[in-house]
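Lettering follows sequence order; numbering is per chain, from 1.
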2 protein chains.
Amino acid sequence: MVQKAAETKTKPISVIIVEDFKLTRVGLRCALNANDDINVVAEAEDAVEGLKLIEKHKPDVILMDLGLPGMNGIEAMVKCKEMMCDSKIIALTSHDRCEEVIAALSSGASAYCLKDIDPNKLADVVRDVSTGVCWIDPMVAQMTLNALPKIDNIGFLPNKSNSEGRVPLTEREFEVLKHLVSGKSNTEIAKELIVSVHTAKAHVCSILQKMCVNDRVQAAVKAVKEGMV
Amino acid sequence: MVQKAAETKTKPISVIIVEDFKLTRVGLRCALNANDDINVVAEAEDAVEGLKLIEKHKPDVILMDLGLPGMNGIEAMVKCKEMMCDSKIIALTSHDRCEEVIAALSSGASAYCLKDIDPNKLADVVRDVSTGVCWIDPMVAQMTLNALPKIDNIGFLPNKSNSEGRVPLTEREFEVLKHLVSGKSNTEIAKELIVSVHTAKAHVCSILQKMCVNDRVQAAVKAVKEGMV
DNA sequence: CAATAAATTAGACAGTAGGGTAATGGATTA
DNA sequence: TAATCCATTACCCTACTGTCTAATTTATTG
């Protein structure tokens, strides 16, 4: 496992653990910190504390237990998204109830692990998830896939209208897009990014053109539907 | 990578490749066979041939290109499931169209890889998938998660946005909301519903209040995220 | 029948959105 | 060095948004 750290000489993946059981928390920390490319930067034993730490550290990956006392893990993930947190979330639980799995994945989690996962495997999942991969435990993978809407699968001809002629957004434009999706006005976006309203408008204009839409509502809907944010 | 083969001394993971481009096929075979724990047992250049080989070899994992001539990959996966094949399927394509991704995953694929994946990573995915993991490429992960049904209706989110304090939209308002989400202006909505602009505005106003949002962008995003439309 | 809710219309008003054009400095690239 | 892209700012102008108040009609329900 540790060899992988040598392969990628970039800075380690920062991780925050939110888990109420002390022993499990220690176990997770040890298992992950044994990897040179993974660094557990903080731990919390409940969601409120966890959210504070997440806001402070802005980790690459969050290990979130779902069965937390008080605010549960799914609520915490929703709050996390509300505060425009870019961290990838791994839902960690011992349950394999279908509704819980779907609720977690549709509320912000990028991965779903059962707690009996092999520690080394978990490190792999952390790496995968940090790059944006969606990873779902074998025990619940099929039920998740079954929950996807069934699409009439005939008629798939190479319609490359999407990825081809598409102009990519710049980093700054993505930033603006996020705020736009959260419903902010140009004035609010400008205040948020500490630029003038003119700049914000310029970015929005550019976003609309690149996304081939007529107004910010269409841009927001498209961004949400295509998972750009 | 090869060390992993030593770790698991069981028999290698058998793989069948279904891909029309000869060069890609060779590339896949070489990349995978470089791993001691993975064994490419057969290759096909179209779906019909592929299905025959799959029935014959019953491989652990199938690497299925989606853009095949004749019967496409998604149809092939459906047929595969029909013949009670237990093989795990990795959908391999260069497209990132939402419908194609969802169609593939809901038609039998356990993983979705874009073709620019790192060969070593692909071997990892083959290993993961052979154990039943669901693995989705970063480029399309978010879009897939967004396609999952939104579940707020269970006890996971004991908040106000549910049946409790929420005022339900009327039928007409839902109609307006749909047009709103599609990016139409009040004028366009009015034209569509054959009412005056004043009426359309009145409905929109009412929608915003009932949905507890400040503007139509937030309404649209909320509607999409919660699967109201 | 009366009360209630929904759908419809209208006028007015402050604020916002989006398009167009143009200019500047910084960074990267050919 | 020149060319190009990006972020930034500015101004103008038209059109649209969201809220308010107010009125009419229709349907449903107690």
Ion pair A:K210/A:E173, N-O distance below 4.0 Å: yes

Contacts of type salt bridge (Lys or Arg N to Asp or Glu O under 4.0 Å), residue A:K201, not counting sequence neighbours: none

Terminal contacting nucleotides, 5' and 3', DNA chain C versus chain A (heavy atom, 4.0 Å): C:dA17 to C:dG19

DNA chain D contacts made by residues 190-199 of chain A, counting heavy atoms under 4.0 Å: A:V195, A:S196, A:H198, A:T199

Residue among B:N35, B:I117, B:I38 satisfying side chain to side chain contact (heavy atoms under 4.5 Å, CB included) with B:L122: B:I117

side-chain N/O B:N186 vs D:dC16 OP1/OP2, d < 4.0 Å: no

Closest-nucleotide 5' rank along DNA chain C - winner of A:S185 and A:A202: A:S185

Partners passing salt bridge (Lys or Arg N to Asp or Glu O under 4.0 Å) against A:E55 (at least two apart in sequence or in another chain): none

A:K81 atom NZ, over 12 foreign heavy atoms within 6.0 Å: yes

Spacing between A:R216 atom CZ and D:dT17 atom P, to the nearest angstrom: 12 Å

Short side-chain to backbone donor-acceptor contact, A:D60 and A:S14, under 3.5 Å: yes

Atom-to-atom span, CD of B:E188 to C1' of D:dT17 - whole angstrom: 14 Å

Pair B:E175 + B:R172, salt bridge at N-O below 4.0 Å: yes

Interatomic distance, A:K201 NZ vs D:dC12 C1' [rounded to whole Å]: 10 Å

End-to-end axis angle, where each axis spans five pairs of the helix from C:dC1-D:dG30 to C:dA30-D:dT1, to 10°: 50°

Interatomic distance, A:E173 CD vs D:dT8 P [rounded to whole Å]: 10 Å

Rounded distance in Å - CG (A:L169) to C1' (D:dC6): 13 Å

Under-4.0 Å salt bridge between A:R127 and A:D37: yes

Rounded distance in Å - CG (B:L180) to C1' (D:dT17): 11 Å

Candidate pair B:D128 and A:W135, rule side chain to side chain donor-acceptor pair (under 3.5 Å), full reasoning: CA-CA 9 Å; B:D128 261 1; A:W135 193 98; 2.9 Å; yes

B:K115 NZ: over 12 foreign heavy atoms closer than 6.0 Å: yes

Residues which pass salt bridge (Lys or Arg N to Asp or Glu O under 4.0 Å) with B:E43, listed by chain and number, not counting sequence neighbours: B:R25, B:R29

